[in-house]
Amino acid sequence: MEKESKIFVAGHRGMVGSAIVRELRRQGYTNIITRTHAELDLTDQRAVEEFFATERPEYVFLAAAKVGGIVANSEAPADFMYVNMMLEMNVINSAWRNGCRKLEFLGSSCIYPRMAPQPMPESCLLTSSLEQTNEAYALAKISGLKYCEYLNRQYGTDYISVMPTNLYGPNDNYHPTHSHVLPALIRRFHEAKVAGAPSVTCWGDGSPLREFLYVDDLANLCVFLMNNYSGNETVNAGTGKELTIRELTEIVAETVGYEGEILWDTEKPNGTPRKLLDVSKATALGWTARTELRDGVRMAYEDFLTNTMRAER
């Protein structure tokens with residue numbers, strides 16, 4: 001990408017999209033196009049087609065998505081499949097029809113099988129069944145990356161995909177029931193500290209292993225790949241490090257300053273036992289994550305206090 005290239009970031013108000021915009025500006029890109037949902041509904045095919053025909057962006061970062069944690073995915077699988085499938089297909093197809101030079105599709109590590117080999121290489125995609133708790137979302141994301149692959153094969157496009165591990169950081173979703181595990185823990189322990197609650201109960205038994213990537217690190221990789229990678233196979237985005245949910249919970253409680261007891265509700269689901277990405281491909285391309293988890297959690301909590309809590313007052 002040239003510094004003045006016309007770049008469309010779809011989903012710029014979300015955690016990932018806003019981080020990509022920050023990274024692009026940090027690196028000196030000056031012609032960034034954004035649209036709010038009110039300005040452009042990406043599930044509206046005609047509106048998306050008109051936008052691309054008018055603006056004709058040269059590069060597209062497709063970071064828009066309907067996202068949520070276990071509860072949200074379990075309660076509304078049809079919504080997660082429909083919204084994500086529609087917006088992906090509309091944006092990717094319109095980008096192709098209007099001569100977009102390169103598109104980068106943002107997926108999720110949940111596309112990989114529930115019992116995939118650990119760490120999970122890009123090649124394990126579609127080798128066995130998915131985790132049931134987020135199957136609808138995973139199927140939508142698989143469809144998006146496969147559509148990019150098929151366009152490359154059939155029409156010679158240069159569309160790539162990136163599969164991040166669990167993300168956290170500025171502009172995360174801290175909804176009480178519809179957020180992912182790390183932001184949910186930040187909110188729960190903060191509220192428990194403020195209320196002086198003697199204990200906090202967490203889902204499952206704390207044994208699942210998870211990997212967490214600070215969102216600004218992901219954004220740095222996204223821009224790096226747009227400039228340095230072409231290929232049909234996706235690229236994993238992670239740290240290559242994992243810890244148990246129990247260990248994560250202790251880090252969050254310590255960061256927030258909560259000193260009460262942590263309890264575990266083993267009647268609630270754990271989710272996938274282990275989700276560690278094989279990041280050797282990104283490493284071989286010359287990229288590694290920079291933010292250590294404790295530093296990232298501290299910055300995420302500061303963002304929560306500054307932005308989320310202020311907005312809710």
query = Any ion pair linking R246 and E250 (charged N to carboxylate O, less than 4.0 Å)?
reply = no

request  = Decide whether S230 and D158 meet the rule of one side-chain donor and one side-chain acceptor closer than 3.5 Å.
outcome  = yes

ask   = Does D217 use its side chain to pair, donor to acceptor, with the backbone of T291 at less than 3.5 Å?
value = yes

key: Flag, side chain of N236 to backbone of V279, donor-acceptor distance under 3.5 Å   = no

inquiry  = Would you say I33 ends up clustered with L106 if hydrophobic residues are merged whenever their side chains have heavy atoms under 4.5 Å apart, either directly or through other cluster members?
reply    = no

message = To check you understand the geometry: which heavy-atom pair defines the closest contact between Y168 and V297, and what is its length?
response = CE1-N, 3.6 Å

ask   = For the residue pair D216 and P170, what are the closest heavy atoms and their distance?
value = OD1-CD, 4.0 Å

R153/E149 salt bridge by N-O under 4.0 Å criterion = yes

message = Within this structure, what is the CG-NZ distance for the pair L42 and K66, rounded to the nearest 0.5 Å?
response = 14.0 Å

task = Using distance alone, with no hydrogens and no angle criterion, decide if D278 and Y112 have a side-chain donor and acceptor under 3.5 Å apart.
result = no

ask   = Among side-chain atoms of N307 and N171, is any donor-acceptor pair under 3.5 angstrom?
value = no

key: More than 12 heavy atoms from other groups under 6.0 Å of OH on Y82   = no

Atom pair CZ (R298) and CG (D303), whose distance is rounded to the nearest 0.5 Å = 12.5 Å

message = Does K193 qualify as a cation-pi partner of Y258, given the criterion of NZ or CZ under 6.0 Å from the six-membered ring centre and within 45 degrees of its axis?
response = no

request  = Identify whether the distance between the nearest side-chain nitrogen and carboxylate oxygen of K281 and E233 falls below 4.0 Å.
outcome  = yes

request  = Identify the heavy atoms of L167 and D172 that sit nearest to each other, and give their distance.
outcome  = O-OD2, 4.1 Å

Pairwise distance OG1(T234) to CZ(F105) - rounded to 0.5 angstrom = 8.5 Å

key: Between Y147 and N93, a side-chain donor and acceptor under 3.5 Å   = yes

task = Before giving the answer on ring pair (Phe, Tyr, Trp, His ring centres under 6.0 Å), spell out for F8 and F61 the whole-Å C-alpha distance, their side-chain angles and the decisive distance to 0.1 Å.
result = CA-CA 6 Å; F8 174 45; F61 289 89; over 10 Å; no

ask   = Any sub-3.5 Å donor-acceptor pair from E4's side-chain atoms to T30's backbone N or O?
value = no

query = Is the CD atom of E39 crowded by more than 12 outside heavy atoms at less than 6.0 Å?
reply = yes

query = Should the pair E292-K241 be classified as a salt bridge under the 4.0 Å nitrogen-to-oxygen rule?
reply = yes

remark   = dist K3:NZ -> N31:CG (nearest 0.5 Å) comes out at 13.5 Å

ask   = Short question: side chain of E104, backbone of V162 - any donor-acceptor pair under 3.5 Å?
value = no

ask   = Does R274 come within less than 4.0 Å of E242, counting only side-chain N to carboxylate O?
value = yes

Atom pair NE2/CG of H190 and L305 - distance to nearest 0.5 Å = 5.5 Å

Nearest heavy-atom neighbours spanning L130 and L139 = CD1-CD2, 3.8 Å

key: Separation of T127 OG1 from M115 CE (nearest 0.5 Å)   = 11.5 Å

query = Residues two or more places apart in sequence or in another chain: which of them pass salt bridge (Lys or Arg N to Asp or Glu O under 4.0 Å) with R26?
reply = E23

message = Can you tell whether the side chains of E49 and R97 come within less than 4.0 Å, N to carboxylate O?
response = no

key: L218 with I111, same ILVMFWY side-chain cluster at under 4.5 Å   = no

